[in-house]
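Structure record follows, encoded as C-alpha cells.
Since the structure is predicted, the reported quantities are computational estimates derived from the model, not experimental observations.
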Amino acid sequence: MCIAVPGKVTVIDEELNVATVEVGGTTKHASADLVPDIQVGDYVLVHAGFIINKLDEDDALETLKLFEEYMGVNLTEDRGK
C-alpha cells in the first residue's frame with residue numbers, strides 16, 4: 001500500500017525542479033513537476049517521489065500527528081507548533 005506523506009520543503013533545486021522535503025527528521029527528494037509554485041517552507045504532500053499538492057501548515061501538522069498516533073513515532077517535534 002502506498003500513501004501520500006506530508007512534509008516541509010527545506011531546499012529547492014530549481015535547475016532539476018526537485019525539492020528536499022523533511023518528514024519527521026528524515027529528508028527525501030521529490031519532483032516538483034506537478035506543483036511548480038512551491039517555495040521553501042511550504043508544506044506539501046509527497047507520493048511516489050512527486051509532490052502532488054501544497055498543504056496548509058495546520059492541516060499538515062494535524063495529519064502528521066495522526067501518523068504519530070498510528071505509528072507510535074514522533075514526526076512533529078521541533079516543528080514550531
Side-chain angles (χ1 to χ4, degrees):
M1 176 175 82
C2 296
I3 58 173
V5 179
K8 187 175 185 177
V9 175
T10 59
V11 176
I12 299 172
D13 181 332
E14 293 186 16
E15 184 175 329
L16 298 175
N17 205 25
V18 171
T20 301
V21 181
E22 181 183 347
V23 179
T26 300
T27 57
K28 300 287 184 186
H29 298 287
S31 171
D33 288 346
L34 301 176
V35 185
D37 64 336
I38 61 165
Q39 298 181 4
V40 171
D42 283 346
Y43 280 86
V44 295
L45 200 55
V46 178
H47 179 71
F50 288 88
I51 295 171
I52 60 173
N53 200 7
K54 287 173 63 173
L55 294 175
D56 172 80
E57 181 177 356
D58 291 336
D59 290 341
L61 293 175
E62 182 177 330
T63 302
L64 288 169
K65 285 184 180 184
L66 291 172
F67 280 22
E68 289 175 355
E69 290 175 19
Y70 180 73
M71 297 185 313
V73 297
N74 188 340
L75 298 173
T76 57
E77 187 173 281
D78 299 325
R79 301 271 182 311
K81 284 202 169 186

> For T10, does its backbone N or O pair with a side-chain atom of T20 as donor and acceptor, under 3.5 Å?
Replying inline: no

Which atom of [X] lies closest to which atom of [Y], heavy atoms considered:
X	Y	value
H29	V18	CB-CG1, 3.9 Å
I12	V9	CG1-CG1, 3.7 Å
A60	P6	O-CG, 4.1 Å

Between [X] and [Y], is there shared hydrophobic-cluster membership here, with clusters defined by ILVMFWY side-chain heavy atoms closer than 4.5 Å?
X	Y	answer
L55	I3	yes
L16	V46	no
V40	F50	yes

> Pick one: which of V44, N17, N53 meets side chain to side chain contact (heavy atoms under 4.5 Å, CB included) with I38?
Replying inline: V44

Nearest 0.5 angstrom please: [X] [atom1] to [Y] [atom2], how far?
X	Y	atom1	atom2	value
L64	D59	CG	CG	11.0 Å
K54	L45	NZ	CG	13.5 Å
I51	K28	CD1	NZ	14.0 Å
D58	T63	CG	OG1	10.5 Å
D56	E62	CG	CD	10.0 Å

> Do F67 and V23 have side-chain heavy atoms sitting under 4.5 Å apart?
Replying inline: no

